[in-house]
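Everything on this sheet refers to the single structure shown next.
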Amino acid sequence: MDIENGEVLPVEDKKVKKEEPTVPAEESGDRKDAGSATEGVPEVKVKMEPEENVKGEPIEEKIEGTKVPEQGVGDAKIRFPSPVFSSRPAKTSLMLSELSYRTGPTIDLYPLENYTFDSKPPEIKKDKTVTDRLLRMEANYKQRGRRETVEGVLITHDHGFPHVLLLQINSAFFKLPGGRLRPGENEVDGLKRKLTNRLASIHEDFRPKWEIGDLLSVWYRPTFEPYHYPYNPPHVTAPKERRRLFLIPLPEKCLFVVPSNLKLRAVPLFELYDNANRYGPVISSLPQLLSRFHFNINR
């Protein structure tokens, strides 16, 4: 087969192998007035090489926003629209809210050696035993109603491992710094007052500027017993105590002054996990409560 000047010339005693795609005569440059020269010639199917002309050079034309490669064999040129493919990667953007959702809120932790520790006069104990404390709580409940307690969770790090600051009493009992709210006192002001009484200097110039962070959990005491639950049992209409835990972000440096009859301990977070026998159910739940936060370890 020869293609010359847009006309298909007959080839004697030669069978043309049919290949895809089929090119109609009017697209290949044939004219209706070709005369008898095209009569009796079988349909010709031409296989085109994409994006290349007879000289081996790619030909592209941009028509109505679409790249259209111009293909040709000889002088017959056929144009097939093709989609536009960009070599640049698709633009993706990650919103800050999505990033926060994946990593959780960030807490800045500073080294334990950044902080200074001192002591002050001992704290007067109101109860000698746990039983005495429960009896006093029952008497106060009859006068004031439910006891409202707020406590702070203060976190630092030692060699990159998060540590929680706990008050130790009598070398055995551990608790978070905080205490009971006064009647009508809100939780923010009450917690700042309790943190100052337990952890700050008696001189106002050396006191930390406490910042009250996220509410971590709420615990309830259904009866006048030592047990707390992270929910109010459905059969209890009037719990005797509500205990709320707040995160307290620490500054880079500050002074802690603790009563001489108490000790401030930095306990590794991993030691608290599943250790209710030593620290109680509330403190031992801190690893789970803090797992949604991202710790930014500052050296």
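Atoms considered below: every heavy atom in the structure, side chains included; atoms not considered: hydrogens, waters and symmetry mates.
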In this structure, OG of S217 is separated from CD of Q288 (nearest 0.5 Å) by 10.5 Å
Tell me whether L245 is reachable from Y229 by hopping between hydrophobic residues (I, L, V, M, F, W, Y) whose side-chain heavy atoms are closer than 4.5 Å.
no
With no hydrogens and no angle check, is any side-chain donor or acceptor of T156 less than 3.5 Å from a backbone partner on Y110? yes
Nearest heavy-atom contact between I283 and F174 is CD1-O, 3.8 Å
* **Pair K125, N170: side-chain N/O donor-acceptor within cut-off below 3.5 Å** => yes
inquiry  = Is there a salt bridge (Lys or Arg N to Asp or Glu O under 4.0 Å) between E123 and R198? Walk through the geometry before answering.
reply    = CA-CA 9 Å; E123 186 180 77; R198 294 291 176 85; 2.5 Å; yes
query = Can you find a pair of side-chain heavy atoms, one from W219 and one from S285, that are under 4.5 Å apart?
reply = yes
Aromatic centroids of Y141 and F224 separated by under 6.0 Å:
yes
Between L109 and H157, the two heavy atoms sitting closest are O-CD2, 3.4 Å
Correct closest heavy-atom pair for S284 and G280 would be OG-O, 2.8 Å
Is there a side-chain contact between L167 and L176, using heavy atoms and a 4.5 Å cut-off? no
Check: I202 and V257 side chains under 4.5 Å, non-hydrogen atoms | no
Output for pair (K128 NZ, D132 CG), nearest 0.5 Å, gives 8.0 Å
Review point. Is E151 salt-bridged to K194, cutoff N-O under 4.0 Å?
Key: no
Basic-acidic side-chain contact under 4.0 Å: R292, D214:
yes
Exercise. Where does the angle between the aromatic ring planes of F117 and F256 fall among parallel (under 30°), tilted (30 to 60°) and perpendicular (over 60°)?
Worked result: parallel
- prompt: Is H203 reaching over with its side chain to a backbone N or O of F206, donor-acceptor style, under 3.5 angstrom?
  reply: no
Per side chain to side chain donor-acceptor pair (under 3.5 Å), E148 is matched among R182, R243, R180, R242 by R242
In this structure, CD1 of I107 is separated from CZ of F293 (nearest 0.5 Å) by 5.0 Å
Note: P162 and G160 closest approach over all heavy atoms is CD-O, 3.7 Å
By side chain to side chain contact (heavy atoms under 4.5 Å, CB included), P239 pairs with (sequence neighbours left out) R146, Y220, N232, V236
Test side-chain contact (heavy atoms from CB on, under 4.5 Å), reference I155, set L247, L165, D108, L250, output is L247
Is it the case that T149 and R147 place a side-chain donor and acceptor less than 3.5 Å from each other? yes
task = Check for a donor-acceptor pair, side chain of N298 on one end and backbone N or O of N296 on the other, with a separation under 3.5 Å.
result = yes
Find out if a path of hydrophobic residues (ILVMFWY) with successive side-chain heavy-atom gaps under 4.5 Å connects F173 to V164.
no
Quiz prompt | Connected via hydrophobic side-chain network under 4.5 Å: Y273 and L269 | solution = no
Value for CD (E211) from NZ (K192), rounded to nearest 0.5 Å, stands at 8.5 Å
Looking at F295, I want to see if its CZ is surrounded by more than 12 non-hydrogen atoms of other residues, nucleotides or ligands under 6.0 Å.
yes
Just by modelled atom types, is the F161 backbone N or O under 3.5 Å from a matching donor or acceptor in the D158 side chain? no
Between L191 and P177 the two heavy atoms that sit nearest each other are CD1-O, 4.4 Å
Between P226 and V130 the two heavy atoms that sit nearest each other are CG-CG1, 4.5 Å
Practice problem: Report yes or no: do L181 and V153 belong to one cluster of Ile/Leu/Val/Met/Phe/Trp/Tyr joined by side chain heavy-atom distances under 4.5 Å? | Solution: no
**Asked** Side-chain donor-acceptor pair under 3.5 Å between E271 and Y279, yes or no?
**Response** yes
Taking CD in E113 as the centre, count heavy atoms belonging to other residues, nucleotides or ligands within less than 6.0 Å. Is the count above 12? yes
Discussion item. For K240, is there any backbone N or O sitting under 3.5 Å from a side-chain donor or acceptor partner on R221?
Written reply: no
Between the NE2 atom in H163 and the CZ atom in F270, the distance rounded to the nearest 0.5 Å is 6.5 Å
message = Between N114 and E252 (side chain of the first, backbone of the second, donor and acceptor by atom type, cut-off under 3.5 Å), is there such a pair?
response = yes
Applying a strict under-4.5 Å side-chain criterion to I, L, V, M, F, W and Y, I'd like to know whether L199 and F246 cluster together.
yes
NZ (K120) and OG (S260) are apart, to the nearest 0.5 Å, by 10.5 Å
### Task
Answer whether the closest heavy-atom distance between the side chains of L216 and L290 falls below 4.5 Å.
yes
